[in-house]
Amino acid sequence: MKWITGVGIFITSLLLVSCSSSKKVSNPNTSNSTASFEIDKNLAIDRLSQGLQYQTVSLEDTSEINFEAYEDFIDFLGEKYPSIHDNMESERIGQYSLLYKWEGSNSGLKPAMMIGHYDVVPVKYGDDRLWQYSPFDGEVDEGFVWGRGALDDKGGVMSIMEALEYLLEQGFEPERTFYIALHHDEEVGGVRGAQQIAEHLQEQDIELAYLVDEGLPIAEEIIPNVEVPLAMIGVASKGSINIELRYTQDGGHSSMPTRSSVIGTLSRAVNRIEQKPMKAHYRGLIVETFEPLIPYMSFTQRMAFNNTWLFRGIIKSKLSNNPATNAALRTTAAKTIFEAGFKENVLPVDGRVIINFRVHPNDTIDDVVEYVRDRIRNDNINVRVLDRARNPSPVSSTRAAPYQMLKQTIEESFSQVLVSPSLFIAASDARHFHDLTSNIYRFRPIRARHEDRSRVHGIDERISVDNYIEMVEFQIRLIKNGTSEL
Ligand SMILES: [Zn+2]
């Protein structure tokens, strides 16, 4: 997943108004959680380091995947977390995804679920030389654990395993049945892992109370001089649709060109879409995201955000100027493929453009198609929706008890951290579970600063030792709180 893009949204969006008079708010507790559990920190770090050394790399072409590494990683989990292995039911689904079930004592409560993925994106050829520490060595140095997957999402998966092992060793017994799924193909769509696990649960008529997945982080320093961190809980994610525009006409020799051409016609259509993007919205979820930050903003920022009835237009136009904030406000259109022509002196008879739209929860696939037809105003251009179109997710309620439990657990774990609901502009495996619950939350307590943005799927991916321990403690608390009656 690409949670860091979410951070980008808020980092940049909050820079939009002058910050000269921002309140300097420091957070006395950025590095330590409140209460802590008696966990063996060295052992937990050592296990994370070892886990990162398995090259569980996802590739589109499955024949290229080294599944032995997946088998080895699964064996490693069994060996290093013996209490889970001995006490919880587990099954393998889609060959390499793991589903664990921890039976609760109160069958009257709906089960809960936590998911993550242990596959990672490849390190681009040649990039490994740019890493400070080799991407699959799991080096622990300078207060960090370095390696592909440290942030996305092997660190998440390992922190869940640490929490479960700890709770089992302590003799904890959940009231509510708890499912944990560790997926193996999230980075390539999750069709074999998450989708099959969701179907498997549906076949048993299981309804979940809620589901927690990877997602947005705790963003630090999101406005200059305001250091109060914001934990963003992803309550919705965008949809995605690829639209092909195709245009054909008689060809001919380039010495006698016709007045209109395939390339010209398609270019005009693309231009018309660029000139007027889909409508931006500054209402609903995005307003809630900013709300807790308002008291910490500068005078001018506060004025704007407190009086959206007057400043909505200005806020929208400022946010629209930046690609990251723009993505939080509206359905975006990325022109990704343009094909026409094959020879310098031959007029093309056929051309096509593909536009990838990321659909905001305020719109639907049908809205996008209608918008495209309306904008291009040319019935001779064929508009086609390509396979795998996906509407935006439903928006999970912030009033629901599981949201409140998650919020409270974050507040208990990280004092001085503000919490708000937010839009996840990427996608994760959670999208396969919408038929099992309406309460889906995308969050990992990873502390992310501006400079960490490029580490996810990039170079020098790492997590700080302190943050990883905080994450394990958070997962322990979340499982304890989340398996009791809400
Ligand atoms: Zn991910």
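Residue indices begin at 1 and follow the sequence shown. Every number for a ligand or one of its atoms is a count from 1 in the order of the listing.
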Query - Apex the Zn ion (ligand 1); atoms Asp152 OD1 and Glu214 OE1; angle rounded to 10 degrees - result: 100°

Query raised in the report: Checking only N/O/S atoms, does Glu187 have one that is under 2.8 Å from the Zn ion (ligand 1)?
Result: no

Query raised in the report: Relative to the Zn ion (ligand 1), which of the N, O or S atoms in His117 is the closest?
Result: NE2

Query raised in the report: Do Tyr54 and Phe76 have their ring centres less than 6.0 Å from each other?
Result: yes

Requested in this report: Could you walk me through whether Tyr100 and Tyr179 pass ring pair (Phe, Tyr, Trp, His ring centres under 6.0 Å), step by step?
Outcome: CA-CA 6 Å; Tyr100 295 93; Tyr179 288 98; over 10 Å; no

Query raised in the report: Does the ring center of His184 lie less than 6.0 Å from the ring center of His117?
Result: no

Query raised in the report: Taking the six-membered ring where the residue is Trp, are the ring centres of Phe474 and Tyr468 under 6.0 Å apart?
Result: no

